[in-house]
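Read the structure below first, then the notes.
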Number of protein chains: 2
Amino acid sequence: MHRDFRSKARIILIDDNYEHLMGVKELLNMEGCFDVVQTSTSVNTGVNMVKKYHPDIVLVDMNMPDKNGLQAIHEIQKLGLNTKVLALSAYDDADLIFRAMKVGARGYVLKTMASAQLICAIEEVLAGKIYLPSALSLRFFEYFQKTVKEEENNVDEELLSTLTQREEEVLDLLTQGYGYNDVSEKLFISTTTVKTHVNNIFQKLQVRDRTQAVLYAIRHGFDKKRKSNFVSI
Amino acid sequence: MHRDFRSKARIILIDDNYEHLMGVKELLNMEGCFDVVQTSTSVNTGVNMVKKYHPDIVLVDMNMPDKNGLQAIHEIQKLGLNTKVLALSAYDDADLIFRAMKVGARGYVLKTMASAQLICAIEEVLAGKIYLPSALSLRFFEYFQKTVKEEENNVDEELLSTLTQREEEVLDLLTQGYGYNDVSEKLFISTTTVKTHVNNIFQKLQVRDRTQAVLYAIRHGFDKKRKSNFVSI
DNA sequence: TCTTATCTAATCCGTTTGGTCTATAAAAGG
DNA sequence: CCTTTTATAGACCAAACGGATTAGATAAGA
């Protein structure tokens, strides 16, 4: 973000495969604009290096055993630096790509790709962009659409929309883990009134207990609707 | 996917702004390789056209009032054709981009972009790729990381990891909405045993009832862990 | 072998929850 | 003015849930 473009980009590599680590290091150092300041074959020491050296970018191998690359990315993100992270992997596993991006990777590169692509990816990420080769972005979005899908059928959404305002308030509190007595206190109404509302909710949502009602609410994005003023999809 | 590349790509446009609709139509028809077979200023008729004509790609405007573009994309996806959808929008609203991709858009183009970029986007999407301009993909991933984040703090994760296998099985069933009797039948154990397990779960997760346990489990990605054999992040 | 962890199960007791029914008051809409 | 919807709340009863304790069987580990 605030990198000095007149100087070289400072890079740290984390990869348990020493051969590959050194290969990449040499490759990058041959380019004039990169400076591999540190390398590490373990996650822990790698993260500590990042903490110390505040590099512009870190390349993290995804195919490590122990704590694995995801953990590394996660921890680097938690440092709160403006260090970018680029994930390296031997496999184009959709789940791994998904998780890597989730914990904060700004790009994902396969080791099988040409070295020119790696250079390109680093530059893109350094420039503040996201780098996902089209084949990987395809995998990512397919997985994304499968995994993050919400409020599937419209019928169900209509069920939620039949709730009155008060019933919504009650359900909202239930989804926060409150029991009937808690709700009655929060809303300044008697417990029997809460029960009445809840029973109405049960019938409208076609569930038979509190837990199912809460599950229904969450699975159908009831909690998100509070924050979002958009049309629900 | 199975498009005949010797013929023109068949396109349907859905945009409530008639001026813009016609502008795009002319633009695309000037290119030799596109054939705008239908256009619609309403979502309903647009979706019906898609149902009839099975186009290769549909361009959907995101800034429509009534049922809005998201609904259109969603319905087109539900048809189960291999019709691709490209979202068009005047604004680079992160939430809108996120939702559009979630319901199945294969790309997202701003109306303010050069027409050459629209052409490019269409071709990329037709080729089976995802098209997200880098500025938009940046917005998408920032929003993605904020929204889809899971299992934040490690402390909590440790709580979940203290559960025994059996307790996990029980909790799993609870998160599916089953009561104690249901669980006892499913696991072929007595109800009192289920209660014992559940009470242990309560203590370990530091909650006081079934609903809270289920909420805890879901909020900490417990349900996802079943499917994934990866290290949890 | 002894200890610990896990899974199993029971009893007792009190609280919470769920089902049903009735009823009043206010507000909205025709 | 009348009907419907909504919010309120009561009584009554049954079922489910939660807390605490005890305890047997097994399996794993020191």
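Below, read A as the first sequence line, B as the second, and so on, with proteins coming before strands; counting in each chain starts at 1.
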When you match A/Gly179 and A/Gln203 each to their closest nucleotide on DNA chain C, which lands nearer the 5' end?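 The residue mapped nearer the 5' terminus is A/Gly179.
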Would you say A/Asn199 reaches C/dT20's phosphate, i.e. side-chain N/O to OP1/OP2 under 4.0 Å? no
Nucleotide [N], atom [atom2] - distance to [atom1] of [X] in whole Å:
X        : N      : atom1 : atom2 : result
A/Phe202 : C/dT16 : CZ    : P     : 16 Å
A/Glu168 : D/dT6  : CD    : P     : 12 Å
A/Ile201 : D/dA7  : CD1   : P     : 10 Å
B/Arg208 : D/dC17 : CZ    : C1'   : 13 Å
B/Asp182 : D/dA16 : CG    : C1'   : 11 Å
A/Asn181 : C/dT17 : CG    : P     : 6 Å
A/Asp209 : D/dA14 : CG    : C1'   : 16 Å
A/Glu185 : D/dA9  : CD    : P     : 14 Å

Nucleotide by nucleotide, nucleotides 5-10 of chain C touches protein heavy atoms under 4.0 Å in the pattern (B base, S sugar-phosphate only, - none) -SSBBB
Less than 4.0 Å between a side-chain N and a carboxylate O, is that true for [Y] and [X]?
X        : Y        : answer
A/Glu169 : A/Arg166 : yes
A/Arg139 : A/Asp93  : no
A/Lys186 : A/Asp182 : no

Pairwise distance OG(B/Ser89) to CE(B/Met113) - rounded to 0.5 angstrom: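 The distance works out to 10.5 Å.
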B/Leu86 pairs by side-chain contact (heavy atoms from CB on, under 4.5 Å) with which of B/Ile73, B/Val60, B/Ile11, B/Leu118? B/Leu118
Do B/Asp16 and B/Thr41 have a side chain donor and acceptor closer than 3.5 Å? no
